[in-house]
Amino acid sequence: VGLKLKKANKVAMKRLKKAAMYLRENRKDEFETEIGQALWSYLSDKFKIAVSDLSLENIEKVMSDNGLEDVIKQNTIKTLNDCEFIRFSQSKENDKHRELYEQTMKTITDIETNMVRKKKQSRKSNKTICLILLSLLSTGLFAQNIQEANQAYKAKDYEKALEIYLKAEKTAPNAELYHCIANTYFRMPLSNLQIRIVLRCCELPFIIPVQLPSLSGVPDDARVMGCF
């Protein structure tokens, strides 16, 4: 089925090329048969409709199910009707046959263009959904990590708390998180480098005493020491 879908447009174009040859050679009967078969075969392969189930009603339904625009559905049904009508009409004018050929080409092209556009929109929509889900997942993991770090802090396991805070800082840095990092450093024996880091945290202008729900429960030692 997948291979038929990929070849649907190529097969239709091959039939249309043959119909064009009949038209040039003024073989009207062969043209009329070939142009109709080209469109019906294309629709059968494109929308996976068994030949025995081909009908105007089924074509319209499956095109609606695939989300094609109303104007394209209407033009497709009109072209199918015109292909049938010309076979039983008495008119053998070249202009009528040429118009039908161009109309059939446009019908197939419009279907292909609309299907490609819908696939692109679907991919874009799926990508957006994935990004939203990843964002929600990251937010949930961040909150979980902060909670774990707060628990380690309360248990006076400052090294573990600091490790988690620093990892969280790489994911979503914010003022309250820097407050916790500085606060944890103050609870630990400090090297000269760590002292400079703490002082740097205290000097940052965007560090403000805002309590976020995910960081609640952490002692405010840094503010007591005059850093905030």
Side-chain angles (χ1 to χ4, degrees), residues 1-6 8-9 46-48 62-70 72 110-228:
V1 172
L3 184 60
K4 290 183 71 176
L5 284 174
K6 292 180 181 179
N9 196 32
K46 186 69 178 179
F47 298 109
K48 298 179 285 185
V62 77
M63 291 181 76
S64 295
D65 292 343
N66 280 271
L68 272 78
E69 298 172 2
D70 288 342
I72 294 178
D110 288 347
I111 291 173
E112 287 293 314
T113 301
N114 196 239
M115 293 287 285
V116 169
R117 182 163 59 246
K118 286 194 69 63
K119 285 182 180 179
K120 288 182 178 180
Q121 291 173 347
S122 178
R123 291 194 194 102
K124 184 177 181 180
S125 176
N126 290 337
K127 184 178 180 180
T128 301
I129 292 173
C130 288
L131 290 174
I132 292 173
L133 290 175
L134 287 173
S135 177
L136 291 174
L137 179 61
S138 299
T139 302
L141 291 175
F142 176 81
Q144 183 179 353
N145 289 339
I146 292 300
Q147 185 178 7
E148 184 180 354
N150 290 347
Q151 291 173 351
Y153 184 96
K154 292 176 182 179
K156 298 184 179 181
D157 189 349
Y158 301 121
E159 290 186 2
K160 181 179 179 180
L162 181 61
E163 180 183 357
I164 299 173
Y165 284 142
L166 291 176
K167 287 182 180 179
E169 185 266 339
K170 294 179 181 178
T171 303
N174 60 75
E176 191 69 12
L177 184 55
Y178 283 124
H179 174 88
C180 292
I181 292 172
N183 206 19
T184 306
Y185 271 127
F186 276 118
R187 287 286 189 171
M188 300 171 64
L190 299 177
S191 65
N192 290 335
L193 175 60
Q194 289 171 329
I195 290 173
R196 288 198 296 272
I197 293 174
V198 173
L199 292 177
R200 175 57 182 155
C201 288
C202 294
E203 292 170 359
L204 290 175
F206 54 83
I207 304 299
I208 56 176
V210 176
Q211 293 295 324
L212 299 179
S214 60
L215 300 177
S216 61
V218 178
D220 198 4
D221 298 315
R223 191 178 299 122
V224 171
M225 297 186 69
C227 291
F228 300 90

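All values reported here derive from a predicted model rather than from experimental measurement.
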(request) Only counting residues at least two apart or in another chain, list the ones meeting side-chain hydrogen bond (donor to acceptor under 3.5 Å, both in side chains) with Asp157. (result) none

(message) If the condition is side-chain hydrogen bond (donor to acceptor under 3.5 Å, both in side chains), which residues does Ser64 pass it with, not counting sequence neighbours?
(response) Lys73

(request) Please list, chain by chain and in numerical order, all residues satisfying side-chain hydrogen bond (donor to acceptor under 3.5 Å, both in side chains) with Gln151, sequence neighbours excluded. (result) none

(request) Would you please test Glu148 and Lys160 for side-chain contact (heavy atoms from CB on, under 4.5 Å) and show each step? (result) CA-CA 9 Å; Glu148 184 180 354; Lys160 181 179 179 180; 3.6 Å; yes

(request) For Tyr165 and Tyr153, work out which heavy atoms get closest and say how close. (result) OH-CB, 4.3 Å

(message) To the nearest 0.5 Å, what is the distance between OG1 on Thr184 and CD on Glu163?
(response) 12.5 Å

(request) Give, for atom CZ of Phe47 and atom CG of Asn66, the distance between the pair rounded to the nearest 0.5 Å. (result) 5.5 Å

(request) Name all residues meeting the side-chain contact (heavy atoms from CB on, under 4.5 Å) criterion together with Ile72; count only those two or more places apart in sequence or in a different chain, and write none if there are none. (result) Met63, Leu68, Glu69, Thr76, Asp110, Ile111, Asn114

(message) Give me the atom names and distance for the closest heavy-atom approach of Ala149 to Ala161.
(response) O-CB, 3.5 Å

